Structures are given as C-alpha cells and as structure tokens.
S.K.: 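Quick one: the structure is below, questions incoming.
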Amino acid sequence: MDWNEIQNFLSNIVFGILLITMIIYWVNLTLFRDSILLTQTGKFSALIANLLLFFILASRWIIAGYFPLSNLYESLLFLTWTLLTIYLYIEAKTNSKLIGSILIPVVLLINGFANLTLSPDMQKSSPLVPALQSNWLMMHVSMMLLSYATLIMGSLLCILFLVLCNNKEVNFTILETSSLPLYNIMLNYYETKLLSPSTEISELGRLKLLQSLDNWSYRIIGLGFPFLTIGIISGGIWANEAWGSYWSWDPKETWALITWLVFATYLHARITKGWEGKKTAILGGLGFFVIWICYLGVNFLGKGLHSYGWLS
C-alpha cells in the first residue's frame with residue numbers, strides 16, 4: 001500500500017467520522033435537552049476528523065514537496081479542514097450545538113464530494129503543471145481557500161439567523177450588552193429553550209440568541225474578507241508573472257470579483273450605514289451561494305485560464 005492509498009483510506013475514515021458526528025449532533029438537537037455525553041462525543045469526533053485531515057495534508061506536503069493545494073481534491077480537503085478548525089473554535093467559545101448541526105453536514109458533503117465523486121487519478125499527488133510552479137502557489141491559493149472557509153461559515157450563520165427570525169425584523173436596541181460581551185454568550189441555553197416544544201423562551205432570550213448569531217457572522221465575515229482581498233491581489237500578481245496580464249476576466253476571476261463585491265457591500269452596510277439583523281443577514285446568505293459558484297460552479301464550464309482546476 002503506497003502513500004496515496006493510505007491517504008485515501010484515511011480520507012474515507014474522515015468521511016465516516018463526519019457522518020457519525022452529524023448523526024450525533026442531530027440526535028442531540030432533537031432531544032430538546034443538552035446531553036453532555038452526546039455533546040462531548042460530537043466535539044471529540046469533530047476534533048479527530050480535523051487531526052486526521054491535518055495529517056493527510058501534512059503528509060502530502062512532505063512527500064510531494066509542495067504545498068498540497070495543486071488540484072481540486074487537495075483544495076477540498078484543505079477547505080474541509082479549515083471549516084472544522086473554525087467551527088471548533090466557535091463551539092469552544094459559544095458551546096453551541098445548533099451551529100454544529102448545520103455546519104457538519106456541509107463539511108460532510110464537501111468531503112464526500114472529494115472522496116466519492118472525484119476519480120482516483122484526480123486524488124493522487126502529481127507533479128505540478130508549469131502554471132503552478134511558482135512561489136505564489138501557497139500565498140494565493142491558501143488565502144483564497146481561507147477566505148472561502150471563513151466566508152462560508154459566516155454566511156451559514158446569516159442563513160441560520162434568517163431561519164430563526166422567521167423573516168421578521170429584529171430590534172436589538174432593547175438589549176444591554178455592555179456587561180456581557182457577545183462572544184461570551186452561551187448559545188446552547190437559548191437554543192434549547194427555542195427548540196423545545198415544552199419550554200417558552202422569553203423575548204429577551206430570543207434576541208440574545210439572534211444578536212449573538214448576528215455578531216458572530218459579522219466577525220467571521222470581517223475576518224474572511226481580508227483573506228479574499230489578499231488572495232485576489234496575490235492572484236493578479238501571479239497572473240502577470242505567468243500570463244503577462246494582471247486581469248483577464250477569466251470565469252474564476254470574474255466570480256471572485258463578484259464574491260468580493262457582495263461581501264464588500266455587506267461590510268459597507270454594517271460599518272457605514274449601521275445595518276444589522278435581517279438586512280445584512282440577507283446579504284450574507286446571498287454570499288453563501290456566490291462563493292460556491294465561484295469555487296465549484298465555474299469549474300463545470302470547462303474553460304478558462306484556471307483549467308487545471310476544472311472537473312472536465
């Protein structure tokens with residue numbers, strides 16, 4: 001058994017662990033009460049999957065001799081690992097089981113697509129094509145994938161906000177948050193109250209839950225946007241070195257610009273216009289779909305300067 005087979009085997013184990021983790025989170029969510037055993041088991045399973053993904057990526061880096069972001073399979077594994085890392089941090093801060101219940105299925109789908117859809121040849125480490133033999137590979141691709149992961153996470157929280165607010169406007173002005181930083185709010189308590197059919201949640205508790213989700217989505221998107229900006233700029237510099245032009249309106253470049261504009265609008269609305277709640281959540285939720293078009297959707301076109309990333 002060579003290293004490619006070992007790595008693929010471990011990746012399949014990650015898929016199985018994520019599937020079990022998703023079931024654990026969903027069962028815990030439907031119990032309408034916090035099961036400490038299930039909560040800790042879910043966290044531990046997510047951590048094990050994260051460590052296995054890190055080992056796979058690190059071993060590919062050592063064996064192949066370059067940062068493992070040269071093809072679609074490696075980028076999917078890196079995206080999965082980054083999403084899990086961000087989630088584990090947020091869960092440690094918020095003790096939320098609801099966020100894990102919506103994120104783990106997304107991570108499972110990404111990992112499943114990498115393992116079950118891509119052919120074995122696409123999963124193997126191979127020598128870099130000439131266009132990728134550059135020091136800009138790590139800078140550009142890692143920044144883009146870090147931005148995808150953080151923006152996907154923030155956008156998912158925006159979508160969760162829209163679901164929980166029932167398409168109603170939310171007024172946060174009645175909340176006094178000066179004595180309790182939002183990142184210290186324990187989401188799990190209010191989630192249990194909200195999801196339980198036998199317990200009524202107060203309006204104050206519902207607002208605290210929604211405001212915490214709103215704040216976390218803003219903070220995460222605010223982190224991902226600079227990554228996206230750096231990724232686009234470094235990609236332009238790399239494109240000038242490789243192709244003699246900073247910008248060619250390649251499908252990937254065009255949708256990266258659209259993604260940047262969507263989240264720039266989100267941040268502009270929050271920072272300069274003072275928007276929050278439902279209006280910004282709609283912008284963030286739109287960004288979720290734009291990211292996937294940029295990352296995978298244009299790959300089905302089968303054309304463009306980024307041809308090494310196409311599925312065809």
Side-chain angles (χ1 to χ4, degrees), residues 21-22 25-26 28-29 42-43 46 79-80 82-110 145-170 172 175 177 180-195 201 205-228 259 262-271 275-292 295:
T21 305
M22 182 187 71
Y25 273 102
W26 283 4
N28 195 24
L29 192 66
K43 290 180 181 179
L79 181 64
T80 305
T82 309
L83 278 169
L84 279 175
T85 301
I86 296 171
Y87 165 67
L88 288 169
Y89 172 79
I90 293 177
E91 186 174 46
K93 290 291 185 179
T94 64
N95 198 32
S96 169
K97 62 182 179 182
L98 185 57
I99 297 177
S101 299
I102 65 168
L103 178 68
I104 297 300
V106 174
V107 174
L108 177 67
L109 287 174
I110 297 172
L145 286 172
L146 281 172
S147 72
Y148 291 158
T150 49
L151 294 175
I152 286 171
M153 186 73 205
S155 297
L156 276 174
L157 295 183
C158 288
I159 294 174
L160 179 59
F161 179 95
L162 291 173
V163 172
L164 295 182
C165 77
N166 294 322
N167 200 33
K168 298 178 181 178
E169 292 292 343
V170 180
F172 294 140
L175 289 178
T177 59
L180 181 61
L182 286 175
Y183 54 81
N184 284 334
I185 290 179
M186 304 302 287
L187 295 184
N188 193 46
Y189 171 76
Y190 297 111
E191 290 168 3
T192 302
K193 293 279 189 179
L194 183 68
L195 296 169
I201 184 172
R206 188 179 75 88
L207 287 177
K208 283 185 176 181
L209 171 60
L210 291 174
Q211 188 181 37
S212 189
L213 289 173
D214 183 65
N215 179 69
W216 271 106
S217 62
Y218 174 43
R219 294 172 67 193
I220 295 172
I221 290 174
L223 174 65
F225 185 74
F227 289 150
L228 180 61
T259 305
V262 169
F263 287 104
T265 303
Y266 172 93
L267 293 174
H268 175 76
R270 294 205 66 133
I271 296 172
W275 287 13
E276 61 181 359
K278 179 183 173 181
K279 292 186 289 188
T280 51
I282 292 174
L283 282 173
L286 173 64
F288 178 80
F289 301 99
V290 173
I291 292 170
W292 284 111
Y295 178 50

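Nothing fancy with the numbering, it's 1 onward along the sequence. As the structure is a computational prediction, the values presented were derived from the model and not from experiment. Basis for what follows: all heavy atoms, side chains included, without hydrogens, waters or symmetry-related copies.
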S.K.: About how many Å separate OG1 of Thr85 and CD1 of Ile90, when rounded to the nearest 0.5 Å?
M.R.: 11.0 Å
S.K.: What distance separates Leu156 CG from Trp216 CH2, expressed to the nearest 0.5 Å?
M.R.: 15.0 Å
S.K.: At their closest point, which heavy atom of Ser147 faces which heavy atom of Gly224, and how far apart are they?
M.R.: CB-O, 3.5 Å
S.K.: Rounded to the nearest 0.5 Å, what's the gap from OG on Ser212 to CD1 on Ile99? Could you check?
M.R.: 7.5 Å
S.K.: How far apart are the closest heavy atoms of Val106 and Trp292, and which atoms are they?
M.R.: CG1-CZ2, 4.4 Å
S.K.: Quick one: closest heavy-atom pair of Tyr218 and Arg270, and the distance?
M.R.: CD1-CD, 3.3 Å
S.K.: Taking the side chain as every heavy atom from C-beta outward, state whether Phe227 and Leu151 have any atom pair closer than 4.5 Å.
M.R.: no
S.K.: Can you tell me how far apart OG1 (Thr280) and CG (Asp214) are? Round to the nearest 0.5 Å.
M.R.: 5.0 Å
S.K.: Does Leu145 reach the side chain of Tyr295, with side-chain heavy atoms less than 4.5 Å apart?
M.R.: yes
S.K.: How far does CD1 of Ile104 sit from CH2 of Trp26, to the nearest 0.5 angstrom?
M.R.: 11.0 Å
S.K.: Identify the heavy atoms of Gly287 and Phe263 that sit nearest to each other, and give their distance.
M.R.: CA-CZ, 3.6 Å
S.K.: Identify the heavy atoms of Leu162 and Lys278 that sit nearest to each other, and give their distance.
M.R.: CD2-O, 3.9 Å
S.K.: If you take all heavy atoms of Lys43 and Leu88, which pair is closest and at what distance?
M.R.: O-CD2, 4.2 Å
S.K.: Is a side-chain donor or acceptor of Ser155 paired with a backbone partner of Gly284 at a separation under 3.5 angstrom?
M.R.: yes
S.K.: With a 4.5 Å limit on heavy-atom distance, are the side chains of Ile221 and Cys158 in contact?
M.R.: yes
S.K.: Show your reasoning for whether side-chain contact (heavy atoms from CB on, under 4.5 Å) applies to Leu160 and Leu164.
M.R.: CA-CA 6 Å; Leu160 179 59; Leu164 295 182; 4.1 Å; yes
S.K.: Just do the side-chain contact (heavy atoms from CB on, under 4.5 Å) check on Leu79 and Val107 with the steps written out, would you?
M.R.: CA-CA 9 Å; Leu79 181 64; Val107 174; over 6 Å; no
S.K.: For the OG1 atom of Thr21 and the CG atom of Leu103, what is their distance to the nearest 0.5 Å?
M.R.: 11.0 Å
S.K.: Is Leu286 close to Ile282 at the side-chain level, that is, under 4.5 Å between some pair of heavy atoms?
M.R.: no
